[in-house]
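Read the numbers this way: they start at 1 and go in the same order the structure lists the ligands and their atoms.
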Amino acid sequence: MRQDGSEFIVEIRATDYWMNGLLHTLVILRDITAERRAEEALAAQADALARSNADLQQFAYASSHDLQEPLRNISLYAQLLAKRYQGTLGDQADLCIDTIVSSCRRMEALIRDLLAFSRLTSAEAATFRSVDMNVALSWAEKNLELSIKESGAVITADALPVVHGDQVQLVQLFQNLLGNALKYRSASPRVHISAVFADDEWTFSVQDNGVGIAPEYQDRIFGLFKRLHGRDVPGTGVGLAICRRIVEKHGGRMWVASTPGQGSTFFFTLPTQSSLIR
Ligand code: ADP
């Protein structure tokens, strides 16, 4: 208590020492009220931030989930209109109906991907265990079998390690990266996957010889709905946002290095003992 009666938090340290044959005790009292208040304020701020993040995730999940049902109805009835009245209402009407149907398909794809993105952070807990990244890669290749055949891509890989993570998410990660390498490809696409170990973490790379990405866009492409390509190439701009989130949930980082016209290499790290980051 101070002389004026107000209370304060004090830290007391005591040390014994000998001097001139006598045992002395040095006692240091330090007023740590300000420090303690700052710590409490910081903790409260982190708490508020976590709560608002959780609310935002819940909002994204609920709204994309609830948007699906009315959209499905609009889509269904527009398709019904197209089927029943195509060619009977005139060219203008046909064009209108076609636009509604294709816009619905696009909206469905956007909502589906947004839902997949928000599910990554929702309450559905990821299951972490040992994952052989060679197996994860071959699952991804299997899921993309048709696109790989159609594009004539040659995919090669070095031996990959076993990591601690969520198998479904890691397959998805490879699948999105390989899918992009096939979508944004050159005439004879080649993709190579490898991993190196340094400083307690694995750095994976997925290298393609595709169209490449201009330096000013190399960070932006990881944002939600961010695309550099027009409607001629299918996509919603969510794939890389999902990749980055998966990597971050595993405690890693993700980035790209690219030369336009020559290709891109997507890198991601996974710590040896990755644990779930919520
Ligand atoms: P989407 O492929 O659905 O557009 P992504 O989030 O996967 O969404 O990618 C965002 C953008 O980044 C793409 O629209 C494309 O312009 C660019 N991109 C992604 N991967 C590659 C790649 N391997 N080579 C060139 N550009 C790429």
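In this structure the side chain of Asp91 never reaches within 4.5 angstrom of the side chain of Leu95, judged on heavy atoms. The shortest distance between side-chain heavy atoms of Phe267 and Met254 does not fall below 4.5 Å. For the pair Phe222/Phe266, a side-chain contact is recorded, criterion being any heavy-atom separation below 4.5 Å from C-beta on. Looking at Leu114 and Leu224, their side chains come closer than 4.5 Å, going by heavy atoms from C-beta outward. The shortest distance between side-chain heavy atoms of Gln218 and Trp255 does not fall below 4.5 Å.
For ligand 1, the atoms lying closer than 4.0 Å to a non-hydrogen atom of Gly235 are 3 (O). Every atom of ligand 1 with a heavy atom of Gly212 under 4.0 Å away is listed here by number and element: 25 (C). Atom numbering of ligand 1 starts at 1 in the shown order; those under 4.0 Å from a heavy atom of Val238 are 6 (O), 8 (O). Listed by number with element, the atoms of ligand 1 under 4.0 angstrom from any heavy atom of Leu228 are 14 (O), 16 (O). Atoms of ligand 1 found under 4.0 Å from any heavy atom of Arg227, numbered from 1 in the order shown, are 1 (P), 4 (O), 14 (O). The Lys226 neighbourhood of ligand 1 comprises atoms 10 (C), 11 (C), with distances under 4.0 Å to a heavy atom of that residue.
At least one heavy atom of Gly237 sits closer than 4.0 Å to an atom of ligand 1. Ligand 1 lies nowhere less than 4.0 angstrom from a heavy atom belonging to Asn176. Between Phe266 and ligand 1 there is a heavy-atom distance shorter than 4.0 Å.
Comparing Leu240, Leu177, Thr265 against atom 6 (O) of ligand 1, the shortest heavy-atom distance belongs to Leu240. With distances taken over non-hydrogen atoms, the option nearest atom 3 (O) of ligand 1 out of Val233, Leu182, Thr236 is Thr236. Relative to atom 7 (O) of ligand 1, the option among Ile221, Val191, Asn209, Asn180 with the closest non-hydrogen atom is Asn180.
Residue contacts with ligand 1 for Ile213 involve side-chain atoms from C-beta outward but no N, CA, C or O (heavy atoms, distance under 4.0 Å). At a 4.0 Å heavy-atom cut-off, ligand 1 touches Val211 through the side chain alone. Only the side chain of Lys183 comes within 4.0 Å of ligand 1, judged by heavy-atom distances.
Between His164 and Phe128, the ring planes lie perpendicular to each other; the angle is over 60°, past the 30° to 60° tilted range. In this structure, Phe204 and Phe268 have parallel ring planes: the angle between them is below the 30° cut-off, well short of the 60° mark.
At the shortest separation from atom 13 (C) of ligand 1 among protein heavy atoms lies Tyr184 OH, 3.4 Å. The nearest heavy-atom contact from the protein to atom 16 (O) of ligand 1 is His229 ND1, 2.6 Å.
Checking only distances, Asp208 does come within under 3.5 Å of ligand 1, N or O to N or O. The N/O atoms of Pro234, backbone and side chain alike, include none that comes under 3.5 Å of an N/O atom in ligand 1.
Side chains of Asp113 and Thr236: a donor-acceptor N/O pair is present below 3.5 angstrom, by distance only. Judged by distance alone, the side chains of Ser75 and Gln79 do bring a donor and an acceptor atom under 3.5 Å apart. Looking only at atom types and distance, the side chain of Ser194 has a donor-acceptor partner in the side chain of Ser205 under 3.5 Å away. In this structure, a donor-acceptor pair under 3.5 Å is absent between the side chains of Glu69 and Asn73. A donor and an acceptor atom, one from each side chain of His192 and Asp208, are nowhere located under 3.5 Å apart.
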